[in-house]
Amino acid sequence: MTRVRTRWRAGLALAGVTCAFLTHVAWREARAIDEAASGRERARLDGAIDALHDLGERELIRDEPGELALPVEHLARGAVLELALLDADGVAVAAAPTPAFMNRRQAGYAEVALARATMAEARHVRPGGPHGEPTLYVARPIHSHGLLVGFARAGIPVARIEATRSALLRLLAGISGLALVSAFGLAALARHRLSAPLRQMAAVAERMADGGEPSTPFTTRADELGVLARALAGMAGRLRERLEGIDAERTQLLAVLGGMVEGVIAVDRDDRVLHINKVAAQLLGVTASTSLGKPVWEVTRIPAIIEALGTASFDAPAREVQIATPERAYRLWIYSAPLRNASRKNMGAVVVLHDVTELRRLENLRREFVANVSHELKTPVAAISGMTDTMLDDEAMPAERARRFLQKIREQADRLAKLINDLLALSRLESADLEQLLPFARLDLRDPISASVEHARPVAQVKGLAFSIALPDEPVWVHGDDESLRQLADNLLSNAINYTPAGGSISLTLTRDGDHALLVVRDTGIGIDPVHHHRIFERFYRTDKARSRAQGGTGLGLAIVKHVALSHGGHVALESAVDQGSSFRVLLPLEGASAAPR
């Protein structure tokens, strides 16, 4: 459907009102013209019949009717009518302007017969007059001294009345047309005067909708439209300021929600997602952009989250839930709250998801660490305490036996010192300001490795292990701490010696791998089941605790290796299988290179 503009509506409305008014006026004037036209001709007819009646009343009582022809003809010529005087029998005594009707008996004419019957004036329209056209006739009885002496009869063509009426109506139509044209002109002018500021206001509204600046003021009129335009301009400015404030607040809110480490999901009263940040989308395994507007039960099938959103209006307490997916299992701390507007009306709900999986894992590690440290310290302390008490209680203990006890006490003290040293070293390596604590400098990686090899070689020979070393001829420059790197090599070699049975072999190779140095320690020992690979570098983690203690380990060696590698910008990896030996690979960046790739 074609849209009619407002300015055309206003112009058409004004023109319509004008047309309706002119139509009403024209209708009233047409009626008045009709009455005036009919009245004027009828008045002429009545005047002629009155004069004719007076003439007949004076003259018909005489016996000289021929003397009446001239005055009747004079009356007819002045009135431009058909006139006739009839005697009491209805015979024409005088007639004009048609003398041919003289002496014709007219008593049978309807108007004459009706006048005779009623003795009053009678009117009748005959369809065929003297000229074959409809004519209005009037007959009036004439009395003299109470006696009927004749009839006065006059006729006028109906066309004369219609002609007069038509002339007046044409004049009225001309005046009405001129008035209508003037009205449309005034309507067009009014439309233009009205539509110009309206178009400007519409343009301002469109610019405001598109975020543009309104032109203020956009009219200088002093009428109501000018007041409205200036009010709109003021409102536009205030609205722009508010929209800018809302946009700024929305941007800040989205930035805050996007930067949160917690997941946030907000829904409306129909449980449709209003907002979901990146963290929540990752936790639920969905895409944030495609989740908006969907019911929350379509976005996630996790009952705990749906239940939390459903009970948010009741201020349900926060709780921790365990969630398992085909990819992984994790724990979430869920906090829900209702969304209310300024009038405290419930508009939806929001739920905050905090992934506490790592926190719980670290808490478990801390508990395990405390338990392991306590156990590891308890064993040598208990041994030292027991043997000391035995020696104190047995003053007559033989010297050889006392020497064996003291040897055991020394071994347990050495084990206790090694454990403490390893804990201190691990604590130092985990420090955030490691480079400030350790004397990092430019060094040849072959030096700490060679020192470690010289220390481990005799132990391997005593155990009957083949020991092969391959170092490059050129220096391998790295930026690091000599003591820490030696401790890394010591732990790898000690671990390989302890867990390789007699007759096995151990190899150590140092090569360049691009911008990095690659240290590989292989053995043909008992190996490590792949199920333990992801935890083998944790503190005090042992695949076989009884065998590990029998080998004299503290359970901290590989944890120290991992942290030394990380502190130097590298990393360590393991390749091993049960009864197939192990291969530890340490990748460290050369001096001036970036961190080792994973």
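Nothing fancy with the numbering, it's 1 onward along the sequence.
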Any idea which heavy atoms bring [X] and [Y] closest together, and the distance?
X: Pro530; Y: Ser576; result: CG-O, 4.1 Å
X: Phe467; Y: Ile469; result: CE2-CD1, 3.2 Å
X: Arg585; Y: Leu518; result: NH2-CD2, 3.6 Å
X: Val572; Y: Ala565; result: N-CB, 4.4 Å
X: Ala517; Y: Leu445; result: CB-CD2, 3.9 Å
X: Ala502; Y: Leu465; result: CA-CD2, 4.0 Å

Within the 4.5 Å heavy-atom criterion, are [X] and [Y] side-chain neighbours or not?
X: Arg442; Y: Val478; result: no
X: Ser583; Y: Val521; result: no
X: Pro475; Y: Arg446; result: yes
X: Ile276; Y: Val286; result: yes
X: Asp394; Y: Arg401; result: yes
X: Ile560; Y: Gln487; result: yes
X: Val561; Y: Phe584; result: no
X: Leu574; Y: Ser582; result: yes

Indicate yes or no for a side-chain donor-acceptor contact from [X] to the backbone of [Y] under 3.5 Å, with no hydrogens or angles considered.
X: His533; Y: Ile528; result: yes
X: Lys408; Y: Met387; result: no
X: His563; Y: Ala559; result: yes
X: Ser291; Y: Thr287; result: yes
X: Asn277; Y: Ala280; result: yes
X: Thr388; Y: Ile384; result: yes
X: Ser484; Y: Val564; result: no

Measuring from [X]:[atom1] to [Y]:[atom2], what's the distance to the nearest 0.5 Å?
X: Thr500; Y: Ile526; atom1: OG1; atom2: CD1; value: 8.5 Å
X: Arg404; Y: Met397; atom1: CZ; atom2: CE; value: 9.0 Å
X: Ile449; Y: Asp444; atom1: CD1; atom2: CG; value: 9.0 Å
X: Leu588; Y: Leu485; atom1: CG; atom2: CG; value: 6.5 Å
X: Leu332; Y: His354; atom1: CG; atom2: NE2; value: 9.5 Å
X: Ile265; Y: Leu353; atom1: CD1; atom2: CG; value: 5.0 Å

With side-chain contact (heavy atoms from CB on, under 4.5 Å) as the criterion, how do Gln580 and Thr524 come out once you've worked through the C-alpha distance, each side chain's angles and the decisive distance to 0.1 Å? CA-CA 6 Å; Gln580 295 183 15; Thr524 59; over 6 Å; no

Test Leu488 against every option in Asp481, Leu493, Leu519 by the side-chain contact (heavy atoms from CB on, under 4.5 Å) rule and name the one that passes. Leu519

Which residues pass the side chain to side chain donor-acceptor pair (under 3.5 Å) test with Asp268, sequence neighbours left out? none

side-chain contact (heavy atoms from CB on, under 4.5 Å) between Leu558 and Asn491, worked out: CA-CA 7 Å; Leu558 291 181; Asn491 283 311; over 6 Å; no

Can you tell me if Arg512 has over 12 outside heavy atoms packed within less than 6.0 Å of its CZ? yes

Are there over 12 heavy-atom neighbours, none belonging to His455, within less than 6.0 Å of that residue's NE2?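 Counting neighbours around NE2 of His455, 12 or fewer heavy atoms of other residues, nucleotides or ligands fall under 6.0 Å, so no.
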
Walk me through it: do Val264 and Val279 pass the test side-chain contact (heavy atoms from CB on, under 4.5 Å)? CA-CA 8 Å; Val264 179; Val279 176; over 6 Å; no

Assess the residue pair Leu406 and Arg410 against the criterion (side-chain contact (heavy atoms from CB on, under 4.5 Å)); give the C-alpha distance rounded to whole Å, side-chain angles, the decisive distance to 0.1 Å, and a yes or no. CA-CA 6 Å; Leu406 290 174; Arg410 182 176 181 178; over 6 Å; no

Look at the aromatic rings of Phe440 and His568 and report parallel, tilted or perpendicular, splitting at 30° and 60°.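 Phe440 and His568: parallel rings.
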
